[in-house]
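Computation of the quantities below employed the complete heavy-atom set of this structure, encompassing side-chain atoms and omitting hydrogens, waters and symmetry-equivalent molecules. Below, read A as the first sequence line, B as the second, and so on, with proteins coming before strands; counting in each chain starts at 1. Note that the coordinates shown come from a computational prediction; the quantities given were computed from them, not determined experimentally.
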Amino acid sequence: MKFRSKMIDVGCLNHFTRVVNTITKLNKTCVLRLTPDNLYFVLSGKVANGGVSMWCELLQVNFFDEYQIEGVSPDANEICLEVAPENLSRALKTAQNAKSVKIKLTKKHCPCLTLAAELPSLSSVSRVVTHDIPVDVIPRRLWHDYKEPSMPDFDVSIYLPPLKTMKNVVDRMKNLSNFLVIEANLSGEMNLKIETDLVSVTTHFKDLGNPPWGDDASQSRSQSRDPAAMAHARLDIKKLLQFLMGQQVNPSKAMCNIVHKRIVHLIFLHEDVSLQYFIPAVA
Amino acid sequence: MKCSIEGNHVKAFGKAIHALARIGEDLWLDPLEKGLALRAVNSAHSAYACFLFSPLFFQHYSPRLSTQTLGTPVKCQLAMKSILPLFRCLATIERNVNRCEISISSDENWVVFQFYCRHGIIKTHNLSFQESEALQAVFPTNLCPNVLKAQAKLLGDIARHFPTSQEEVTLAISPVRVTLKNYYEEECDRAMYTEMSLHPDEFDYYQVGIDSHITFCLKELRGLLSFAESHGLPVCVHFGPSGKPVSFSLDDMPLTATVVLATLEERTSDPPSQTGPAQTGPTYRWVPRMCPPYPVHPPSTVHRPPCGGAPSAPASASPAAHDGPHESPVLAEDRVLSSQASPVFSAAFHLRKLLDLQNPSPPWEEAVPTHNTDAEAAAAAATATTPSNNQTTAIEDMEAESICATTKMAANTIPATPLAAKVMRP
């Protein structure tokens, strides 16, 4: 297994750092899948995460100037590593104004992802900072846990309101209740509701727009569905908030797919990064 | 002691206290003729810091009050917890405080801090203190083989690469490269290792006498680095082989600051008999500096019994006996003669052995520097007249001893012993 890559552009470096920072806020460990074309940060929906799962896809060419990978075997040309994103985030933080950053897979006291940043310095020879981030290699037999999640058969798909507003609303709501109901319909309306013994609060969003998926299955589904009928799911408010708070950049597209009473699927698209987050509904 | 600090300098004073707060729980205020010294040491006695403010720093400065012609200026030990809140918010101080007056009255056990603020507000804080021995460490920087001088910004940049929770780092030096690595006491599988490598050109001054690598506590140093960065001052690093202490100092006209840290002894097959607590393994101890010239004597003979009833280690009668020797740090201007003359003075090595000893048979070198230091410092500080007969006698003895052959002193084992003997003499 071999992996070597190099980033030169400061903009790419910043962007990559922001992505990693977002992942850091979601969970303590995550799985990094490296393939010849893409990098994936994966969180599989295990009980430990509360059933939440995440899939973040980066197109490697948009970030790295050099990228070489030799996977586990020729037919499975990819590498699967378990890493603590916080370490990666810390390493990248100090390399923000680096001339170049090299990331490679090495074996020191344990398998490591080594990040070597070349920093500008006062002398002719540049400073080199090396960070060795310990990783766990995930054996092939466990790879099925980290496959790309399929789009669920959703009932409603809707664009999200401005992230900042939604963040603020949910943040205020978390003080009142542990659970939040998110409901939306195909007329571009979305409500965020909380209900306790003492109080119930609903925030209404209108004219959000529904993304045209254009898929045959969902098309027919949505055609048969009453546009005003709401599909809802009850979520743990902290999980939703954690996801919203972690977003560092405003996505170009933010969508939400709701499977009635089952799962909420949030999709954030940036130029070269796509982030999907699945929050299961609670009873 | 009475002094007055004007506007801008109050912030610098506050920043110095912040830096010292990183080191220890107590602050020692030592008004000297050459300035006001603020010192702190950590509980493991493996880190020491001293900020010396020369009289130029103050609007006016008098180490002793006119009424107090006899005796030495009072030395105070304050709890960091009581003084740090006064200077906690530096931005507010910068905005509001016009002047700060500090006075130690000879009658009461207060140190009075008065802040003259905007709008005619005067804030007065009375902090009680314990009278104590001066805390000083001797560290002859001129004997260090390796010297680095770097701009504060460089060191700050380096320190930033290590997380604030990182306790220790290893600095390795060779003629072509300086490397800093983080250090973990135990081999830690899941820990992230960071290493940074610099070229000698980046330093203002680079002298490598011996290739060495030293491991010291970065956390305790951050206070000084932040102080240096805010004032844009270069920092000098003096060190030797592993196990010997490392000194970080900065020198600005009105003030000098020094932080001396113990370094981890390189592990050999037989660990030294005296392995201190884990990381900041004190292979380095502090020798009680018997100067101020009055020797150690029981609290009752002191003018003011220490308040609070609990004399801390340096204040107690025989510091060497229970807390280990306290070494005196020699500051740039305060180079004691012995440290320059003594050819074989090696702080850590000797002090470690001093600590080890319960039975009297130390190598002669140990006694020499200690007593030389004391004696000559005593001689040097002859301006301080001693009030009691007890003290006078003792000083004379010490001075006499310094003239005598060193072998005589060699007979004495632990520093406390001979001095205690002096005290007992009528």
Side-chain angles (χ1 to χ4, degrees), chain A residues 13 17 20-21 23-24 27-32 81-138, chain B residues 148-167 169-208 213 218 222 225 228-229 232-235:
Chain A
L13 185 58
T17 308
V20 174
N21 288 344
I23 311 284
T24 307
N27 205 38
K28 289 260 165 1
T29 65
C30 78
V31 170
L32 174 61
L81 305 166
E82 185 173 352
V83 68
E86 196 201 329
N87 286 344
L88 195 53
S89 168
R90 234 179 12 187
L92 287 166
K93 188 169 80 154
T94 61
Q96 279 316 291
N97 57 341
K99 290 199 268 190
S100 76
V101 173
K102 292 198 189 111
I103 305 180
K104 48 187 191 221
L105 191 61
T106 58
K107 181 146 174 68
K108 308 244 161 118
H109 52 281
C110 66
C112 282
L113 212 53
T114 299
L115 199 131
E118 212 181 302
L119 299 168
S121 81
L122 306 165
S123 78
S124 52
V125 182
S126 28
R127 277 177 227 171
V128 178
V129 180
T130 317
H131 298 270
D132 290 319
I133 304 161
V135 296
D136 271 329
V137 179
I138 296 186
Chain B
L148 293 173
K149 185 167 175 188
Q151 289 300 318
K153 189 164 185 310
L154 175 68
L155 293 178
D157 281 345
I158 297 171
R160 253 188 286 284
H161 281 90
F162 297 91
T164 40
S165 59
Q166 180 65 43
E167 295 267 342
V169 288
T170 305
L171 169 76
I173 192 168
S174 78
V176 294
R177 217 86 179 124
V178 170
T179 339
L180 273 115
K181 295 192 269 256
N182 58 355
Y183 174 86
Y184 294 98
E185 170 79 358
E186 303 95 25
E187 273 298 310
C188 210
D189 243 6
R190 310 314 294 158
M192 186 169 125
Y193 281 90
T194 305
E195 180 175 326
M196 188 161 183
S197 165
L198 297 121
H199 192 265
D201 283 350
E202 300 213 48
F203 295 87
D204 291 355
Y205 181 77
Y206 191 91
Q207 173 192 307
V208 181
H213 56 273
L218 183 64
R222 282 189 198 265
L225 292 182
E229 258 191 295
L233 298 166
V235 177

Looking at [X] and [Y], what are the two nearest heavy atoms and their distance?
X        : Y        : result
B:His161 : A:His131 : O-CE1, 4.0 Å
A:Pro134 : B:Met192 : CD-CA, 3.9 Å
A:Thr94  : B:Arg160 : CG2-O, 3.8 Å
B:Ala191 : A:His109 : O-NE2, 4.2 Å

Is chain B contacted by the side chain of [X], its backbone, both, or neither, given a heavy-atom distance below 4.5 Å?
X        : answer
A:Thr114 : neither
A:Ala84  : neither
A:Leu119 : side chain

| Do other residues, nucleotides or ligands put more than 12 heavy atoms under 6.0 Å from B:Lys153 NZ? | no
| request: Give a yes or no on this: more than 12 heavy atoms of other residues, nucleotides or ligands lie within 6.0 Å of atom CD of B:Glu202. | output: yes
| remark: Among A:Asp132, A:Asp136, A:Ile133, the residue with the most heavy-atom pairs under 4.5 Å to chain B is A:Asp132
| Working for side chain to side chain contact (heavy atoms under 4.5 Å, CB included), residues B:Leu154 and A:Arg127 | CA-CA 11 Å; B:Leu154 175 68; A:Arg127 277 177 227 171; 3.3 Å; yes
| Heavy-atom contact with chain A under 4.5 Å, split by part of B:Asn182 | neither
